[in-house]
Protein chains: 2
Amino acid sequence: MKAGTDLAQIASLVGDPARANMLAALMGGAALTASELALEAGVTLPTASAHLSKLTGGGLLRMARQGRHRYYALADHQVAGMLESIMGVAATLGPKKVLPGPRDNAMREARICYDHLAGEMGVAMFDAFAARGLLAVNGSEIALTESGCGFFEDFGLDLAAMRGKRRPICRACLDWSVRRSHLAGSLGAALLDRFVALNWVRREKDSRIIRFTPPGRRSFALMLRD
Amino acid sequence: MKAGTDLAQIASLVGDPARANMLAALMGGAALTASELALEAGVTLPTASAHLSKLTGGGLLRMARQGRHRYYALADHQVAGMLESIMGVAATLGPKKVLPGPRDNAMREARICYDHLAGEMGVAMFDAFAARGLLAVNGSEIALTESGCGFFEDFGLDLAAMRGKRRPICRACLDWSVRRSHLAGSLGAALLDRFVALNWVRREKDSRIIRFTPPGRRSFALMLRD
DNA sequence: TTCATAGTTAGATGCTAACCGAACTATCAA
DNA sequence: TTGATAGTTCGGTTAGCATCTAACTATGAA
């Protein structure tokens, strides 16, 4: 009985269409202002404000003031993971897909999950790193190996900076489309940043879709191979 | 905007206290009748009936008639996993725990997750199997190794029967208390059945808690070791 | 058949919560 | 100061939904 109460409390926060739209928008990883989220949810500012205070009060969001703006973001990875898992259920259950549609396919191939790469490309990357011994995978405990350290530093990542943070460097995140793990944690986030900086990928405006540029796709494949 | 709608639809199903209690009860793995679930949720039969038709209609539950009873169960593992992940968020967010409490600790040590063993003991078992090469773990893709086949058959499991079914033999399931993977799939379910048959463990009445008998605990530790 | 139990359907009720407009506060920019 | 933008708070309205009782259907047992 107690377990059900906790469950309902969190789920009902997500269960309102306006709030769900806000959360879905925040799955893009960027922090958004109250006004932007109001727009996203299709409600007026006062309504959005009420929703946002519920979400922050419930611990799903965190807020940072900046001047006269208030930026909202998902509280942590656990919340992002929960949302992904709900979306996963929704995706398999909603058999309303007459045909998948090109946007759907793009989402399956590569998308942003909070702040790291997910979808088939994300899973492929994770598998390749594991196979090459750059990551030591044991259950869902993942660690950087020595050769992994060298590889990622060569690739231009600042591992020292990551170690300073409280956030774990490596984490596994379960993919709703592929149902396999991909790489999250600060390493996952840094890799995606780097891909963007190298112009390998481009984020589609106002969506979670990530598109590989043609040269980016080649370089990415090369990186996984050798 | 579309993603949010799907999200809200599923989450709102879980977001009602009565329904959440039913789902929590079904996390125990057993199929329950409408009356039992009504009792569990603390509502009258008609109310429960309405909830149950929503849950089945929404794809979270499946129902089987049996004489004049109707047995309800979670639709699949994905739904169970989603519920676990919501519970995980609830557990870390709800800092209302003044002190953990003995029942809480028992849940953390060993509990049933749909139909297999979860909690610290579940994670320990998974790790031990992986370390001994009985399971080949690659990301969240898990396979039985040759030595694993021998081991589990010696332990009294009927692997041939499992292969016949559509359900995957091995699957990883993320643990909300320990945040590590443990073994799900038909192998995970069969192991738990076997533990019960061997009297190593006993399910606590009306809860998800699994208690190891003293000899069971010894035998279990031995099994992990050699 | 007749009775009992399991469950659904229908109808009525009442509460909660989402929503908006209007007024208020806070920050920035002249 | 004055004006503009960002956001919150307040009050009132509305709609949806969970809930119950009562009546109905279906299955099994005597």
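What you see below is based on every heavy atom in this structure, not just the backbone, and it leaves out hydrogens, waters and symmetry mates. Every chain is numbered from 1 and lettered A, B, ... according to where its sequence line falls, protein lines coming before strand lines.
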> Can M125(B) and H182(B) be said to form a side-chain contact (heavy atoms from CB on, under 4.5 Å), step by step?
Replying inline: CA-CA 8 Å; M125(B) 181 173 80; H182(B) 57 254; over 6 Å; no
>> Let's go through L60(B) and R19(B) carefully: what are the C-alpha distance in whole Å and the side-chain angles of both, what is the deciding distance for side-chain contact (heavy atoms from CB on, under 4.5 Å) to 0.1 Å, and is it a yes or a no?
In response: CA-CA 11 Å; L60(B) 297 189; R19(B) 285 194 294 263; over 6 Å; no
>> Is there a side-chain contact (heavy atoms from CB on, under 4.5 Å) between H116(B) and L183(B)? Walk through the geometry before answering.
In response: CA-CA 7 Å; H116(B) 55 269; L183(B) 186 62; over 6 Å; no
> Can L23(A) and L61(A) be said to form a side-chain contact (heavy atoms from CB on, under 4.5 Å), step by step?
Replying inline: CA-CA 9 Å; L23(A) 292 168; L61(A) 297 186; 3.8 Å; yes
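One can place CG of L52(A) at 12 Å from P of dT9(D), the figure rounded to the nearest angstrom. Remark: C1' of dG7(D) and CG of L37(A) are 13 Å apart, rounded to the nearest angstrom. Spacing between atom CG of L55(A) and atom P of dA17(C) amounts to 14 Å, rounded to whole angstrom units.
Across all strands shown, S53(B) has no heavy atoms under 4.0 Å from either base or sugar-phosphate atoms. Looking at heavy-atom distances under 4.0 Å, Y71(B) makes no contact with the nucleic acid at all.
Proximity of L117(B) to V201(B): side-chain heavy atoms (C-beta onward) are nowhere separated by under 4.5 Å. R208(B) is listed as a side-chain neighbour of C113(B), based on a closest heavy-atom distance under 4.5 Å. At a threshold of 4.5 Å between non-hydrogen side-chain atoms, the residues M121(A) and F195(A) do not count as touching. The side-chain heavy atoms of L187(B) and F129(B), taken from C-beta on, include no pair separated by under 4.5 Å.
In this structure, D115(B) CG and S186(B) OG are separated by 9.0 Å, a value rounded to the nearest 0.5 Å.
Remark: R70(A) is in phosphate contact with dT8(D), judged by side-chain N or O atoms under 4.0 Å from OP1 or OP2. Listed pair K54(A) / dA18(C) meets the phosphate criterion, a side-chain N or O lying under 4.0 Å from OP1 or OP2.
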Review item, nucleotides 27-30 of chain C N/O atoms under 3.5 Å of protein N/O:
{"from": "dT27(C)", "atom 1": "O2", "to": "R68(A)", "atom 2": "NH1", "distance (Å)": "3.4"}

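Of the residues near DNA chain D, P17(B) and S35(A), the one whose nearest nucleotide (by heavy atom distance) lies more toward the 5' end is S35(A).
Comparing dA18(D), dG7(C), dA18(C) by their closest approach to the side chain of H69(B) singles out dG7(C). Distances were taken from every side-chain heavy atom of A34(B) (C-beta onward) to each of dA18(C), dG7(C), dG7(D); the shortest belongs to dG7(C).
Within a heavy-atom distance below 4.0 Å of DNA chain C, the residues of residues 43-51 of chain A found are V43(A), T44(A), P46(A), T47(A), H51(A).
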